[in-house]
**Q** 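A single structure is presented below for examination.
This structure is a prediction, so every number in the text was calculated from the model and none was measured.
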Amino acid sequence: MADPRTGRPARRRCAVVGHPVAHSLSPVMHRAAYAELGLDWTFDAVDVEPAGLGAWVERLDPTWRGLAVTAPHKRDALELADDVSDVAAAAGGANTLLLADGVVRADNTDVPGTLAALQEAGIADVPLVRVLGAGATASSVAHAVVGLGARRMELVVRDVARAETTAASARSAGLEVVVRSSDAPFVDVADLLVSTVPEDAAGARSHELVESAAAVFDVVYDPWPTRLLLAAHEADRPAVSGLDLLAHQAALQLALMTGSRVDVDVLRDAALAELSAARDVP
């Protein structure tokens, strides 16, 4: 598509969509990758109200190439797509929408991104995985840890009745699933603890949670660093942060959207620099 003002190819546009989304580090990461690749593309953060994703996507013009999708839209993203990848369908959610020639394709880089982040940290052979929360990210985690030998998953939630969708997704990956209340004491030491809940929910129990697991993965990165991640380091547990996941899944998103790859550290370093700058602001 050409820019009618110049006759030159129009700039490609991408964005992260969510609610809220102002805290997202996706724009600085993708922009750093564009600079590395020499691409004159744009990447913004757009706040889209719950249940409003479909109507918003319908209004996009042909200059748009892709969307990074975050809460609460990951499951809705599947419904509006013309084509859904096998990974996104299995996980029951999409964190990536690709836009081309009037076709919307849904994909999920959270699953391979999670696996890559855990492998990078040397975490392997995790028969029992304990997950705090039961949203779309928890579903992606379930499908990722199967690649690390997971056989059982505990979903620890405040409302057991609302966890069935994620439990069913985890079972479809071949896992034995137990859903338990967050009020119940832990019985076994998990090979891997994964927190997908906000900092205020996990942080208050950080030392207890770390003591219940051999390794820790906190998908949250706001605030940075989280109390759970700090407790894991203090206890000398192998730990993976939300930035590690964000960088790995974003590198895969970038490849899907642009057809080009950059080293994952380009994205991770950009995110760390942004967080450091934010902490220095009085």
**Q** Side chains of L175 and V146, heavy atoms from C-beta outward: is any pair under 4.5 Å?
**A** yes
**Q** Which pair of non-hydrogen atoms, one from A33 and one from V262, has the smallest distance, and what is that distance?
**A** CB-CG2, 4.0 Å
**Q** For residues 46-55, pull every pair meeting side-chain hydrogen bond (donor to acceptor under 3.5 Å, both in side chains), keeping only residues two or more places apart or in separate chains.
**A** H19-D47
**Q** Given side-chain contact (heavy atoms from CB on, under 4.5 Å), test L148 with V129 step by step and report yes or no.
**A** CA-CA 10 Å; L148 297 175; V129 178; over 6 Å; no
**Q** Please tabulate, one pair per line, all N/O donor-acceptor pairs under 3.5 Å involving side-chain atoms of residues 212-220, not counting sequence neighbours.
**A**
from: S212; atom 1: OG; to: R130; atom 2: NH1; distance (Å): 3.3
from: S212; atom 1: OG; to: L209; atom 2: O; distance (Å): 2.7
from: D218; atom 1: OD1; to: V220; atom 2: N; distance (Å): 3.1
from: D218; atom 1: OD2; to: T226; atom 2: OG1; distance (Å): 2.7

**Q** Roughly how far apart are F186 CZ and E211 CD, rounded to 0.5 Å?
**A** 11.0 Å
**Q** Which atom pair, heavy atoms only, marks the closest approach of L115 to A144?
**A** CD1-O, 3.7 Å
**Q** Go through the structure and list residues passing side chain to side chain donor-acceptor pair (under 3.5 Å) with S169, not counting sequence neighbours.
**A** H143
**Q** Taking the side chain as everything from C-beta on, heavy atoms only, tell me whether T70 gets closer than 4.5 Å to N95.
**A** no
**Q** Side chain to side chain donor-acceptor pair (under 3.5 Å) with D265: which residues, sequence neighbours excluded?
**A** R268
**Q** Are any non-hydrogen side-chain atoms of V240 and L245 less than 4.5 angstrom apart?
**A** no
**Q** Hey, mind stepping through V17 and V57 against side-chain contact (heavy atoms from CB on, under 4.5 Å) and telling me if it holds?
**A** CA-CA 10 Å; V17 292; V57 170; over 6 Å; no
**Q** Which ILVMFWY residues can you reach from V187 by hopping between side chains whose heavy atoms are under 4.5 Å apart?
**A** none
**Q** Minimum heavy-atom separation for T166 and L155, please, with both atom names.
**A** CG2-CD1, 4.0 Å
**Q** Please check if L97 and V16 belong to a single hydrophobic cluster, counting links between Ile, Leu, Val, Met, Phe, Trp and Tyr side chain heavy atoms closer than 4.5 Å.
**A** no
**Q** Show me the side-chain donor-acceptor pairs of residues 80-93 shorter than 3.5 Å, one per line, residues at least two apart or across chains.
**A**
from: D82; atom 1: OD2; to: V104; atom 2: N; distance (Å): 2.8
from: D83; atom 1: OD2; to: R105; atom 2: NH1; distance (Å): 2.3
from: S85; atom 1: OG; to: A88; atom 2: N; distance (Å): 3.1
from: S85; atom 1: OG; to: D107; atom 2: OD1; distance (Å): 2.8

**Q** State yes or no: do V210 and V194 share one hydrophobic cluster built from I, L, V, M, F, W and Y residues joined by side-chain heavy-atom distances below 4.5 Å, directly or via other members?
**A** no
**Q** Side chains of D61 and R13: closer than 4.5 Å at any heavy-atom pair?
**A** yes
**Q** Excluding sequence neighbours, so at least two apart, what forms side chain to side chain donor-acceptor pair (under 3.5 Å) with D40?
**A** R11
**Q** Rounded to the nearest 0.5 Å, what separation is found between the CZ atom of R152 and the CG atom of L128?
**A** 4.5 Å
**Q** With clusters defined by side-chain heavy atoms of hydrophobic residues (ILVMFWY) lying less than 4.5 Å apart, directly or transitively, does L243 cluster with V197?
**A** no
**Q** Are V156 and V141 co-members of a hydrophobic cluster defined by side-chain heavy atoms under 4.5 Å apart?
**A** no
**Q** Checking D222 now: which residues fulfil side chain to side chain contact (heavy atoms under 4.5 Å, CB included) with it, not counting sequence neighbours?
**A** H23
**Q** Quick one, Q253 with C14, criterion side-chain contact (heavy atoms from CB on, under 4.5 Å). Give me CA distance, side-chain angles, the key distance, then yes/no.
**A** CA-CA 11 Å; Q253 276 183 337; C14 298; over 6 Å; no
**Q** What distance do D269 atom CG and M29 atom CE have between them, rounded to the nearest 0.5 Å?
**A** 9.5 Å
**Q** Any salt bridge between D200 and R227, counting N to O under 4.0 Å?
**A** no
**Q** Which residue pairs pass the side-chain hydrogen bond (donor to acceptor under 3.5 Å, both in side chains) test when at least one of the two sits in residues 172-196, sequence neighbours left out?
**A** E154-R180
**Q** Do L252 and T96 have side chains that approach each other closer than 4.5 Å (heavy atoms only, starting at C-beta)?
**A** no
**Q** Using the ring pair (Phe, Tyr, Trp, His ring centres under 6.0 Å) rule, collect all pairs that involve residues 31-66, keeping only residues at least two apart or in two chains.
**A** H30-F43, Y34-W41, W56-W64
**Q** With sequence neighbours excluded, tell me which residues meet side chain to side chain contact (heavy atoms under 4.5 Å, CB included) with D159.
**A** A161, R162
**Q** Any side-chain heavy atom of R75 within less than 4.5 Å of one from S139?
**A** yes
**Q** Looking only at heavy atoms, which two atoms of L78 and A94 are closest? And how far apart?
**A** CD2-CB, 3.9 Å
**Q** Among all residues two or more places apart in sequence or in another chain, which pass the side chain to side chain donor-acceptor pair (under 3.5 Å) test with E164?
**A** R171
**Q** Kindly determine whether L98 and M257 satisfy side-chain contact (heavy atoms from CB on, under 4.5 Å), including the steps that lead there.
**A** CA-CA 7 Å; L98 304 173; M257 294 177 184; 3.8 Å; yes
**Q** Looking at side-chain heavy atoms only, is the closest gap between L67 and L60 below 4.5 Å?
**A** yes
**Q** List the atom of Y221, the atom of S24, and the distance in Å for their closest heavy-atom pair.
**A** OH-CA, 3.7 Å
**Q** If two hydrophobic side chains count as joined below 4.5 Å and joins carry through other members, does L272 share a cluster with L229?
**A** yes
**Q** Could you check if a side-chain atom of M153 sits within less than 4.5 angstrom of a side-chain atom of V131, using non-hydrogen atoms only?
**A** yes
**Q** Considering all heavy atoms of both residues, which atom of G18 and which atom of H73 are nearest to each other, and what is their separation?
**A** CA-CD2, 3.7 Å
